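Note that the structure is a prediction, hence the values are computed from the model and not measured. In what follows, every heavy atom counts, from backbone to side chain, and hydrogens, waters and symmetry copies are set aside.
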Amino acid sequence: MSSSPELRKILGPGGNRVRDLEEQKRKKEPIKTILPLPSNGSVDSSSSDTSIKKIVNLKRRVEMTKKPAKVVPHRVDTLSLVVSVPVKRCDWITPNSEPLYISFHDEEWGNPVYDDTKLYELLALSQALAEMTWPAILNKRRIFRKLFDNFDPASLANVNEKRLRSLTESGNSLLSEPKIRAIVENAKHFQKIQQEFGSFSNYCWRFVNHKSIKSGFRYARQVPVKTPKSELMSKDLLKRGFVCVGPTVMYSFMQVAGIFNDHLITCFRYNECNNNNVKEHSQTKLVKTDTQGRDPTENNTYES
């Protein structure tokens with residue numbers, strides 16, 4: 001067959017028949033790329049096969065772009081999932097509790113305290129609980145500290161009657177006069193205990209053999225308002241001249257100072273406070289100031 005200089009259709013490898021059906025299909029496909037023919041106007045079988053393969057490959061790429069992507073669900077690796085579990089606190093901390101009260105529970109209440117100044121502050125605030133709640137006390141804590149010289153026992157022990165009257169007048173919106181007088185006058189007896197036992201901390205912790213008592217309560221209703229040890233400590237302080245230190249006040253003090261760990265066992269703080277129950281590793285923010293004095297374990301008549 002003589003070759004014709006005219007452009008002719010590219011034939012498939014199946015023979016010398018025109019693939020009209022394929023041409024019609026190609027017209028319906030959105031293929032706009034036209035491969036140029038050789039300059040001599042003739043196409044041999046090898047170049048024809050190559051061109052057809054290019055067009056077929058191009059068609060496949062176009063068809064792939066037209067097909068919707070399949071949604072393949074990712075494999076869920078249960079080991080890599082990070083589940084946010086809400087922190088479990090004591091039952092008396094609710095979603096409606098004030099942030100300051102929550103922080104007090106999470107960072108301070110029940111943490112073992114060994115610093116005398118800090119202990120005196122907690123004793124004074126526990127006395128205020130007879131007239132106020134913890135949230136109310138915490139909201140006015142800065143005022144309390146300013147009124148009572150940052151609860152420095154040495155400073156309060158030197159307050160004269162004139163200054164005491166001034167304190168009761170300026171602080172009557174916070175506490176009653178008997179409570180204000182108690183906080184000031186107890187400082188003198190506090191100093192006597194420091195002299196006798198080396199520190200008020202030694203005196204307090206000897207009631208529990210220098211080891212925090214883990215109550216292990218599961219429910220808030222199980223927490224008492226006083227215990228035999230708080231009654232014993234109250235009785236001894238009253239003999240030493242302290243006022244406003246009943247068994248209920250002293251139990252509140254022993255709770256907040258970590259002498260009793262009364263966090264519920266379901267609370268995350270229960271184990272934290274147990275771990276902090278070592279004097280050298282106490283998380284109290286104040287520096288221990290009184291480390292001398294006679295051994296408080298000698299002649300211990302308060303342990304039970």
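- Put simply, CZ on Phe148 and CD on Glu121 are 11.0 Å apart, with the number rounded to the nearest 0.5 Å.
- Taking all atoms of both residues into account, the shortest heavy-atom contact from Cys273 to Asn261 is CB-ND2, 3.8 Å.
- In the hydrophobic clustering, Tyr270 connects to Ile265, either directly or through intervening members, whenever side-chain heavy atoms lie under 4.5 Å apart.
- Using a 4.5 Å cut-off on side-chain heavy atoms (C-beta onward), Val245 and Met233 make no contact.
- The distance from atom OG of Ser126 to atom CD1 of Ile137, rounded to the nearest 0.5 Å, is 7.5 Å.
- For the pair Thr117 (side chain) and Asp152 (backbone), a donor-acceptor distance under 3.5 Å is absent.
- The backbone N or O of Lys162 sits nowhere less than 3.5 Å from a side-chain atom of Ser166 that would complete a donor-acceptor pair.
- Between the OG atom in Ser173 and the CD1 atom in Ile143 there is a gap of 7.0 Å [rounded to 0.5 Å].
- A pairwise comparison of heavy atoms in Phe207 and Tyr203 identifies CD1-O, 3.2 Å as the closest pair.
- In terms of heavy-atom proximity, Ala128 sits nearest to Phe144 at CB-CZ, 4.5 Å.
- Note that the CZ atom of Phe190 and the CD atom of Gln195 stand 11.5 Å from one another [nearest 0.5 Å].
- Trp92 and Trp109 have their aromatic ring centers within a separation under 6.0 angstrom.
- Asn160 has its side chain within reach of Arg163: a pair of non-hydrogen atoms, C-beta onward, lies under 4.5 Å apart.
- Put simply, the side chain of Leu129 does not reach to within 4.5 Å of the side chain of Val249, judged on heavy atoms.
- Not counting sequence neighbours, Glu169 has no partner by the side-chain contact (heavy atoms from CB on, under 4.5 Å) test.
- By the 6.0 Å and 45° rule, Arg240 does not stack over the aromatic ring of Phe242.
- The closest donor-acceptor contact from the side chain of Asn158 to the backbone of Ala154 lies under 3.5 Å.
- Judged by distance alone, the side chain of Ser103 and the main-chain N or O of Pro99 form a donor-acceptor pair under 3.5 Å.
- Residues Leu156 and Lys188 have side chains not in contact (no heavy-atom distance under 4.5 Å, counting atoms from C-beta outward).
- Between Lys192 and Glu196, no side-chain nitrogen of the basic residue sits less than 4.0 Å from a carboxylate oxygen of the acidic one, so the salt-bridge criterion is not met.
- The shortest side-chain heavy-atom distance between Asp116 and Pro153 does not fall under the 4.5 Å cut-off.
- Remark: side-chain polar atoms of Ser212 are paired, donor with acceptor, to backbone N or O of Gly258 under 3.5 angstrom.
- Formation of a donor-acceptor pair under 3.5 Å by the Asn111 side chain with backbone atoms of Val113 is not found in this model.
- Taking Arg89 as the reference, Asp106 meet the salt bridge (Lys or Arg N to Asp or Glu O under 4.0 Å) condition, with sequence neighbours excluded.
- Taking a cutoff of 4.0 Å between a charged side-chain nitrogen and a carboxylate oxygen, Glu177 and Arg165 do not qualify as a salt bridge.
- Residue Phe197 is grouped with residue Leu232 when hydrophobic side chains (ILVMFWY) are merged at heavy-atom distances under 4.5 angstrom, including chains of intermediate members.
- Ring pair Phe200/Phe253 is tilted by interplanar angle, where 30° to 60° counts as tilted.
- Shortest non-hydrogen contact noted between His263 and Gly110 is NE2-CA, 4.1 Å.
- Separation of atoms NE2 (His189) and NZ (Lys239) is listed at 15.5 Å; rounding is to 0.5 Å.
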Determine, stepwise, if the pair Val256 / Phe104 fulfils side chain to side chain contact (heavy atoms under 4.5 Å, CB included). CA-CA 10 Å; Val256 69; Phe104 177 67; 3.6 Å; yes
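- Residues Lys88 and Thr266 share a closest heavy-atom pair of CG-O, 2.8 Å.
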Tell me, with the steps shown, if Val223 and Ser215 meet side chain to side chain contact (heavy atoms under 4.5 Å, CB included). CA-CA 9 Å; Val223 182; Ser215 299; over 6 Å; no
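- In terms of modelled atom types and a separation under 3.5 Å, the side chain of Glu98 and the main chain of Ala136 share no donor-acceptor contact.
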Stepwise side chain to side chain contact (heavy atoms under 4.5 Å, CB included) check, Cys244 with Lys179: CA-CA 7 Å; Cys244 297; Lys179 287 294 186 294; 4.2 Å; yes
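- Taking hydrophobic clusters as Ile, Leu, Val, Met, Phe, Trp and Tyr residues chained together by side-chain heavy-atom distances below 4.5 Å, Met250 does not share a cluster with Val243.
- Nearest heavy atom pair, residue Ile259 against residue Cys204, reads CD1-CB, 4.0 Å.
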Are Lys226 and Ser234 close enough, and set up right, to give a side chain to side chain contact (heavy atoms under 4.5 Å, CB included), and what steps lead you there? CA-CA 10 Å; Lys226 61 182 180 179; Ser234 170; over 6 Å; no
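- Looking at heavy atoms from C-beta onward, Ile183 lies out of side-chain contact with Leu167 at the 4.5 angstrom threshold.
- Counting only distance, with no hydrogens or angles, the side chain of Glu272 and the backbone of Phe268 share no donor-acceptor pair below 3.5 Å.
- In this structure, the separation between CG on Leu138 and CG on Leu125 is 8.0 Å, given to the nearest 0.5 Å.
- For Glu131 (side chain) and Ser176 (main-chain N/O), a donor-acceptor pair under 3.5 Å exists by modelled atom type.
- Taking the ring centroids of Trp134 and Tyr101, they lie at or beyond the 6.0 Å cut-off.
- A heavy-atom distance below 4.5 Å is found between the side chains of Leu237 and Ile193.
- The shortest distance between side-chain heavy atoms of Lys140 and Met132 falls below 4.5 Å.
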